[in-house]
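Reading through the structure tokens given below for one structure.
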Amino acid sequence: MMAANASNPASQTAAPGPIILLGAPGAGKGTQAKAIAALYGIPQISTGDILRDNVARSTELGKKADPIMKSGGLVPDDLMLAMVEDRLNQPDCQRGYILDGFPRTVGQAEWLDSFLGKALFGGRQMAPVVVSIEVSYNQLLQRLTGRRSCPADGKIYNIYFQPPRKEGVCDSCGTTLVQRKDDKEDVIAERLKSYERQTLPLVEYYGQKGTLHKLNGELAVEQVTATTLEVIAKAATK
Ligand code: AMP
């Protein structure tokens, strides 16, 4: 089968199924998710983004999640699973989706396995393709403390590695860039601890199932993207 690429419209009708991006906060899951989403025309489902949207709209879920997110902890499963189930049942999920930030605990992964046991993609059942993006602790710290984003078009910058042409404003639309509240140093330390304690065990979980692909997330973004897309295209031929 031909590998998927941006000039290949077949990738826009293919059913790559569920794709899980694992990795610490700052590993580049969001960036890679956007590239996959654009190529396949499937949604990027970022549980962090959905929660932040609920916080901004002051929904019941948002009010409960806000203090937990501010402290760098994980939102409990009873809130997460209903939210995710609702999202995965939307019509745009029929060919597949990219999970960015979910699952984050073994409990969530087990729930997802049972959800996927009943789901069809392009008419067939599919095991998830799991990509673990690996980045060293020091690199993560710099990525997170330096991260800024455009609230208008979602473009992500880093004041150390990838600064905007003009300080503090988006290259594409001129909007003032913002820093996520939880990208402050004290909260970052907590988020990385939550990751090590609760999410890192997922590497083992999916490793045992034989669906895990580990990737060096410190290479250039384009290189990581190329490898990620290769892994997904290969999995689709199995
Ligand atoms: P993120 O944007 O993925 O870094 O998520 C931001 C915050 O949202 C996390 O620090 C958690 O508080 C919360 N969150 C996002 N996804 C999950 C999840 N799958 N389970 C529990 N909490 C989550």
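Note that the coordinates shown come from a computational prediction; the quantities given were computed from them, not determined experimentally. Counting starts at 1 for both ligands and their atoms, following the listed order. Each residue takes its place number in the sequence, starting with 1.
- A donor-acceptor contact shorter than 3.5 Å links the side chain of Gln108 to the backbone of Arg104.
- Taking atom 14 (N) of ligand 1 as the reference point, the nearest protein heavy-atom neighbour is Leu51 CD1, 3.4 Å.
- Of the possible polar contacts, none joining the Lys155 side chain to the Cys150 backbone as a donor-acceptor pair under 3.5 Å is found.
- For atom 5 (O) of ligand 1, the nearest non-hydrogen atom from the set Gln108, Gln198, Met69, Arg104 belongs to Arg104.
- For Arg191 (side chain) and Gly72 (main-chain N/O), no donor-acceptor pair under 3.5 Å exists by modelled atom type.
- Distance from atom 11 (C) of ligand 1 to its nearest protein heavy atom, with residue and atom name: Gly73 O, 3.4 Å.
- Partner of Arg148 under the side-chain contact (heavy atoms from CB on, under 4.5 Å) criterion, chosen from Thr176, Leu177, Val178, Asp183: Leu177.
- Considering backbone and side-chain N/O of Asp100, none are found under 3.5 Å from N/O of ligand 1.
- Here the protein heavy atom with the shortest distance to atom 19 (N) of ligand 1 is Gly101 O, 2.9 Å.
- Separation of atoms CD (Gln198) and CG (Leu74) is listed at 4.5 Å; rounding is to 0.5 Å.
- The shortest N or O to N or O distance between Arg52 and ligand 1 is under 3.5 Å.
- Shortest non-hydrogen contact noted between Leu144 and Pro25 is CD1-O, 3.5 Å.
- Per-residue contacts place Arg191 under 4.0 angstrom from the following atoms of ligand 1 (heavy atoms of the residue considered): 4 (O).
- In this structure, Pro25 does not count as a contact residue of ligand 1, since none of its heavy atoms falls inside 4.0 Å of the ligand.
- Side-chain atoms of Ser136 and Glu218 form a donor-acceptor pair, as typed in the model, at a separation below 3.5 Å.
- Taking atom 16 (N) of ligand 1 as the reference point, the nearest protein heavy-atom neighbour is Thr47 OG1, 2.8 Å.
- Here Arg180 has side-chain heavy atoms under 4.0 Å from ligand 1, and that is the only part of it that gets that close.
- Residue-level proximity to ligand 1 for Val75 is carried by backbone and side chain together, each with a heavy atom below 4.0 angstrom.
- In this structure, Asp171 contributes its side chain and Arg165 its backbone to a donor-acceptor pair below 3.5 Å.
- Residue contact annotation: Lys29 has no non-hydrogen atom under 4.0 Å from ligand 1.
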